[in-house]
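First comes the structure, then the notes that go with it.
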2 protein chains.
Amino acid sequence: MVNTKEIARLCGVSRGTVDRALNNRPGISPETKRKILKVAEEVGYRPNFIAKSLVTKKTMTIAIVVFDINNRIFSQIANAIETRARELGYFVYLTLTHKKPELEKEYIRYLVDRKVDGIILMSVNKGQEFEKYLRNLKVPIVTFGNKISDEFPFIWINDEKAIIDAVQYLASKNYEKLIYITPALRESNPSNNIYGPEQRLKGFNKAMKLHKNMESIVITDMNYIDTIDNISNLGNEKVAFLCSSDIYALDILKYAKNKGIHIPTEMGLMGFDNIDTIQYVTPSLATVGFSIEDIGIQLVNSLVDKIEGNEIPKRIQISHEIIEGETV
Amino acid sequence: MVNTKEIARLCGVSRGTVDRALNNRPGISPETKRKILKVAEEVGYRPNFIAKSLVTKKTMTIAIVVFDINNRIFSQIANAIETRARELGYFVYLTLTHKKPELEKEYIRYLVDRKVDGIILMSVNKGQEFEKYLRNLKVPIVTFGNKISDEFPFIWINDEKAIIDAVQYLASKNYEKLIYITPALRESNPSNNIYGPEQRLKGFNKAMKLHKNMESIVITDMNYIDTIDNISNLGNEKVAFLCSSDIYALDILKYAKNKGIHIPTEMGLMGFDNIDTIQYVTPSLATVGFSIEDIGIQLVNSLVDKIEGNEIPKRIQISHEIIEGETV
DNA sequence: CTGTTAGCGCCTTCAA
DNA sequence: TTGAAGGCGCTAACAG
């Protein structure tokens, strides 16, 4: 691979002049510039981005750090992030933590060693120690899904309000008893960051105070299907299952079909996230939707803003809406 | 950020010695090594990966270049690739081409400028010019999905045989007429690489020669639902729809439900890919399955092998299987 | 065992 | 307008 030194030799000029020609810097005659560009073209010159990064201290690289992308919602976000980042000239590292706090810390560390310009993070870690860890890294960070603290910009919906709206919607459909499914709460280690699910649960509890005539059960079990199976008295009241994520709702839908339980006459069902998978199921699933793509775009916009030294908002709230469906 | 020069100064030794301590290189006394490591620890020294890459000419980075990851199958592959790559110490760039040939070429070029060690590619481009382009880049490449040529290692199932098996399976269920759905064939520009869909169609045509008593129609239209709607005579023979991808099958399933067409009594339906989405639909979709995770792992293994200078097989064939379902 | 020197390929400053 | 020199932070080769 030919470098600027070689081009300088070929053109009989100095490397500084070659640099001026190649990077449109002032202080060079049109002729020599033309000549240099011509030679560069001929020999197929390509700048070494690594060398450039070493001196400019800019890698034009950001990283997305997330559990995994098997869950639709994360792959959709990653897709949006990559697309927007490329528009702004950034390449993106994909980094999966598999919900392991130590791995997450290690990977973030490595990314900083690699001099990424910024990080988009859905964290498994939380707490003061972690905040200090991130702070010391001195790398621009924006977060989504699981908030870390007010210090790190958070771009997401209002989970609490969204669940309240969902409950309100179910109430308007005359349900008398709600069973809230949120397995994440027990599934993960207590030291893990589960801000999202926590906010949603908080919303649920608040909502129940607003609807005092409604009964409620909260299931935090990963074997929620078994648990449901044991609550066999679906008889007396009009009951609905509200799930903290569509994937659980889909599971329950499947269960109900197998059991021959008719939805929505025998039980109501509502999800959350509006992942694209649900468009293929029948009856169509009621859920809470929001623009995942918008989140991805805003994450990148904010991060790049921060990278460029601007102040950015600590919180951007994405709007949500109730998606009606045949399951309620 | 402190560097080796600073540590050398603090320890009163030369940078060479510091390097020996930090990188476990021989030729250093245990004491000085201990001392240097201690100081490095204290000042929170972190190696600059960019600088290191510049001299070693290794970035420990690979890239995955693919259309997008909205399609489940690609996000599953990307997930597997990232996971395996991290195990081997590589970070991965996610690069989406949105099926635009020029973008793909440009991005690959940039990745090479960034000195990625290798590329995992599902190509939109094809042809001799493109092959030459890749060859000149002199970067290790492995491919999946759309083969480019025998020159570039290809890790994938045998699409042709898989469709033949699918037809065989449908024949065993006594279907008399098959309608093959493969919109990709017309959806994309003729100069695009659609090796996968082409192989599958080839398999379908071959299979039809083996089953001369069966009728067949091939629909290459993106508006296949409309087309199907016009073929209203589902009356006489026992007919099945075979789709080149599960996403089309899911679409048809939805259509049939809306139309009140009963599956499988009034028509059979079979997909391809076995994406995880289908586990939630009823009736359960018959399809062709294979280990997507295995493909991801093998892609990384092969690429890294090649990066390390070893010869790797030009073709690794992943096995497939018929997944039975209630739709046939 | 340790220090010195010379790069990797680029950018930046200062002189000429 | 151009050239020369120095440095980004690290590795590598050769002396001592």
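Residue numbering restarts at 1 for every chain, and letters A, B, ... go by the order of the sequence lines. For the numbers below, each heavy atom of this structure counts, side chains included, while hydrogens, waters and symmetry mates do not.
- Cation-pi contact between Lys314(A) and Phe154(A): absent, since separation from the ring centre below 6.0 Å together with deviation from the ring axis within 45° is not met.
- If you take NZ of Lys58(A) and C1' of dC8(D), they are 17 Å apart, rounded to a whole angstrom.
- Rounded to an integer number of Å, the gap from CD of Glu31(A) to P of dT2(D) is 8 Å.
- Taking atom CG of Leu54(A) as the reference point, atom P of dG9(D) lies 7 Å away to the nearest angstrom.
- Using a 4.0 Å heavy-atom criterion, one finds that Arg25(A) contacts the sugar-phosphate atoms exclusively.
- DNA chain C is contacted by both Lys57(B) and Gly12(B); Gly12(B) maps to the nucleotide lying nearer its 5′ end (nearest heavy atom per residue).
- Rounding to whole angstrom units, OH of residue Tyr45(B) and C1' of dG9(D) are separated by 8 Å.
- Comparing Arg15(A) and Lys33(A) by the nucleotide of DNA chain D that holds the closest heavy atom to each, the one mapping nearer the 5' end is Lys33(A).
- Note on Ser53(A): nothing from the nucleic acid sits closer than 4.0 angstrom, heavy atoms only.
- Proximity of Asn3(B) to the phosphate of dC8(D): no side-chain N or O atom is located under 4.0 Å from OP1 or OP2.
- In terms of position along DNA chain C, the nucleotide closest to Ser14(B) lies nearer the 5' end than the nucleotide closest to the other residue of the pair Ser14(B) and Gly16(A).
- Counting only N and O atoms by type, the side chains of Tyr110(B) and Glu106(B) include a donor and acceptor under 3.5 Å apart.
- Look at CG on Leu22(B): it is 15 Å from P on dG9(D), rounded to the nearest Å.
- Side-chain N or O atoms of Asn71(B) include none that pairs as donor or acceptor with a backbone N or O of Phe74(B) at under 3.5 Å.
- Bracketed by its first and final contacts, the part of DNA chain C lying under 4.0 Å from non-hydrogen atoms of chain A reaches from dG9(C) to dT12(C) in 5' to 3' order.
- The pair Arg9(A)-Glu6(A) meets the salt-bridge criterion, since a charged nitrogen lies less than 4.0 angstrom from a carboxylate oxygen.
- At a threshold of 4.0 angstrom between heavy atoms, the contacts of Asn48(A) are confined to the sugar-phosphate backbone, with no base atom among them.
- Taking atom CD1 on Ile50(A) and atom C1' on dC10(D), their separation rounds to 13 Å, with Å as the unit.
- Residue Pro26(B) is classed as having no contact, given no heavy-atom separation below 4.0 Å to the nucleic acid.
- Atom CG in Asp19(B) sits about 16 Å away from atom P in dC14(D), given to the nearest Å.
- Residue contacts shown for Lys5(B) are absent, as no nucleic acid heavy atom lies under 4.0 Å away.
- Side-chain atoms of Ser123(A) and Glu104(A), non-hydrogen and from C-beta on, do get closer than 4.5 Å to each other.
- Arg114(A) forms a cation-pi arrangement with Phe49(B), by the criterion of a distance under 6.0 Å to the ring centre and an angle within 45° of the ring axis.
- The residue Ile28(B) sits close only to the backbone: its heavy atoms come under 4.0 Å of sugar-phosphate atoms, none of a base.
- Without hydrogens or angle criteria, Asp68(A) side chain to His98(A) main chain gives no donor-acceptor distance under 3.5 Å.
- Between Ile36(A) atom CD1 and dG3(D) atom C1' there is a gap of 12 Å when expressed in whole angstrom units.
- At a cut-off of 3.5 Å, with distance as the only test, a side-chain donor of Asn24(A) or Lys33(A) sits close to an acceptor on the other residue.
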